[in-house]
Chemist: 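A single structure is presented below for examination.
Proteins come first, then strands; the chains are lettered A, B, ... in the order of their sequence lines, and each starts at number 1. Values below: all heavy atoms of this structure, side chains included; hydrogens, waters and symmetry mates excluded.
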Number of protein chains: 2
Amino acid sequence: MAGKTRQSKAKLQSAAFRRTRSDHSKELAADYVELIADLIDERGSARGTDVALRLGVANATVVKMLKRLQDMGLVTQEPYRPIALTGEGWEMAETGRKKHQIVERFLLALGVGEETARIDSEGIEHHVSDETLRAMGRFLARQIS
Amino acid sequence: MAGKTRQSKAKLQSAAFRRTRSDHSKELAADYVELIADLIDERGSARGTDVALRLGVANATVVKMLKRLQDMGLVTQEPYRPIALTGEGWEMAETGRKKHQIVERFLLALGVGEETARIDSEGIEHHVSDETLRAMGRFLARQIS
DNA sequence: AGTCGAATTTAGCATTGGCTAAACCTCTGT
DNA sequence: ACAGAGGTTTAGCCAATGCTAAATTCGACT
């Protein structure tokens with residue numbers, strides 16, 4: 001009995017872990033893209049320094065990351081120019097913002113303080129499936145009525 | 001006006017991001033430790049291969065990681081012997097399990113399916129503050145009554 | 001127009017977390 | 001007693017994400 005049970009359990013669990021881990025790089029990309037979108041909306045343009053400052057990271061790190069984002073087709077950039085998002089980049093930013101908003105509002109509705117809701121939603125956002133997001137949406141809808 | 005507002009916003013946000021990122025290595029450690037605890041409870045001992053299988057990772061990776069966990073004072077191990085947890089390791093595992101359980105039960109109570117609850121709780125677990133955890137606990141308590 | 005300061009990029013390095021392949025132990029069964 | 005299977009470790013590699021320091025470019029102000 002042990003054999004089969006063991007194996008299937010392992011397979012199930014490893015899938016969950018693998019997914020959690022493989023998401024890290026996508027998370028980072030999403031954070032950058034979302035932030036860039038925010039900066040463009042707030043101030044008309046996004047510069048490397050602003051991104052570095054807000055992410056708490058060195059300028060050089062941002063440059064390197066932007067290259068990767070460019071390879072992923074999320075941003076475009078000419079040297080020494082502000083950062084622009086591609087269509088795909090905007091889409092990703094929009095999706096992320098919606099997700100973020102739902103999670104944050106959900107936490108607030110749950111009775112969590114503002115500061116904590118802000119911080120936790122940042123961390124949670126990328127690990128919430130669409131199904132869970134819908135459940136949060138339903139909860140919010142119920143609360144409002 | 002822009003100057004000051006900008007800076008304080010940046011500081012707040014970078015703190016949140018930095019925290020999210022710096023947690024990654026702790027998360028990983030917690031995953032390993034929790035899994036080792038589970039294996040010991042389920043089968044009496046935890047071997048490297050089991051850990052590798054469940055985490056979906058190569059044996060060599062586990063060995064390397066175990067060295068780091070040993071340096072962190074979470075596990076002890078003699079070569080070619082099964083893995084043991086230190087007191088601190090057990091504590092961490094226990095804390096993690098409690099957290100995990102609350103999050104998973106919370107998601108289920110929210111109406112999320114079993115499979116998704118399992119996967120999402122794995123990802124969310126490490127990003128949930130104590131405050132949010134308490135809010136989830138309150139929600140569960142309300143649901144039961 | 002020329003210069004200086006600020007932003008950007010490049011270069012080179014470190015750490016983390018992965019992998020494969022090969023060498024090495026342990027234990028079990030004959 | 002020992003051979004072989006299976007678990008463990010070592011060695012050496014790679015990619016991602018950070019950093020600092022130095023070089024470069026841009027733009028604004030005499």
Chemist: What is the ring orientation for H127(B) with H24(B), classed by angle as parallel under 30°, tilted 30 to 60°, or perpendicular over 60°?
Modeler: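 Correct class here is perpendicular.
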Chemist: From OH of Y80(A) over to C1' of dT25(D), roughly how many Å is that when rounded to an integer?
Modeler: 4 Å
Chemist: Which protein N or O atoms sit under 3.5 Å from an N or O of nucleotides 17-19 of chain C?
Modeler:
residue	atom	partner	partner atom	Å
dG17(C)	OP2	R68(B)	NH1	2.3
dG18(C)	OP1	R21(A)	NE	2.6
dG18(C)	O6	K64(B)	NZ	2.3
dC19(C)	OP1	A58(B)	N	3.4
dC19(C)	OP2	A58(B)	N	2.6
dC19(C)	OP2	T61(B)	OG1	2.6

Chemist: Send over the distance from L53(B) CG to dT8(D) P, rounded to a whole Å.
Modeler: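 So the CG-P distance, L53(B) to dT8(D), works out to 12 Å.
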Chemist: In Å and rounded to the nearest 0.5 Å, what is the CD1 to CG distance from I119(B) to L107(B)?
Modeler: 11.5 Å
Chemist: Report yes if some heavy atom in the side chain of Q143(B) is under 4.5 Å from a heavy atom in the side chain of R105(B); otherwise report no.
Modeler: no
Chemist: Shorter than 3.5 Å, N or O on both sides, protein versus nucleotides 3-6 of chain D: list them out with atom names.
Modeler:
none

Chemist: May I ask you to say whether R134(B) pairs ionically with E131(B), meaning some side-chain N is under 4.0 Å from a carboxylate O?
Modeler: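 Answer for the salt bridge query: no.
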Chemist: Name all residues meeting the ring pair (Phe, Tyr, Trp, His ring centres under 6.0 Å) criterion together with H100(A); count only those two or more places apart in sequence or in a different chain, and write none if there are none.
Modeler: none
Chemist: With clusters built from Ile, Leu, Val, Met, Phe, Trp and Tyr whose side-chain heavy atoms come within less than 4.5 Å, directly or transitively, what are the remaining members of the cluster of L74(B), listed by chain and number?
Modeler: F17(A), L28(B), Y32(B), V33(B), L35(B), I36(B), L39(B), I40(B), V51(B), L55(B), V57(B), V62(B), M65(B), L66(B), L69(B), M72(B), V75(B), I83(B), L85(B), W90(B), M92(B)
Chemist: Base, sugar-phosphate or nothing for Q77(B)? Non-hydrogen atoms, less than 4.0 Å.
Modeler: sugar-phosphate
Chemist: Calculate the interatomic distance between K67(A) atom NZ and dA16(D) atom P; express it in whole Å.
Modeler: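 After rounding, the gap between these two atoms is 14 Å.
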Chemist: Without decimals, in angstroms, what is the distance between L39(B) CG and dG7(D) P?
Modeler: 14 Å
Chemist: Nearest whole angstrom, please: distance from the C1' of dA16(D) to the CG of D71(A).
Modeler: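 Whole-Å distance recorded here is 13 Å.
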Chemist: Here's a test of your reading of the structure: between P79(A) and V63(B), which maps to the more 5' nucleotide of DNA chain D?
Modeler: V63(B)
Chemist: Test of understanding: with salt bridge (charged side-chain N to carboxylate O under 4.0 Å, His left out), list the residues that count as partners of E115(B), not counting sequence neighbours.
Modeler: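 E115(B) satisfies salt bridge (charged side-chain N to carboxylate O under 4.0 Å, His left out) with R118(B) once adjacent residues are dropped.
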Chemist: Send over the distance from L55(A) CG to dT17(D) C1', rounded to a whole Å.
Modeler: 12 Å
Chemist: Nearest whole angstrom, please: distance from the P of dT9(C) to the CZ of R81(A).
Modeler: 10 Å
Chemist: Are D31(B) and H126(B) side-chain neighbours, meaning at least one heavy-atom pair lies under 4.5 Å?
Modeler: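 A side-chain contact under 4.5 Å exists here.
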Chemist: Using the side chain to side chain donor-acceptor pair (under 3.5 Å) criterion, which residues pair with Q13(B)? Sequence neighbours excluded.
Modeler: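 Q13(B) satisfies side chain to side chain donor-acceptor pair (under 3.5 Å) with R54(A) once adjacent residues are dropped.
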Chemist: Quick one: is dT8(C) close enough that its OP1 or OP2 comes under 4.0 Å of any side-chain N or O from T49(A)?
Modeler: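 For dT8(C), OP1 or OP2 has a side-chain N or O of T49(A) closer than 4.0 Å.
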Chemist: If I take atom CG in residue L66(A) and atom P in nucleotide dA16(D), what distance separates them, rounded to the nearest angstrom?
Modeler: 15 Å
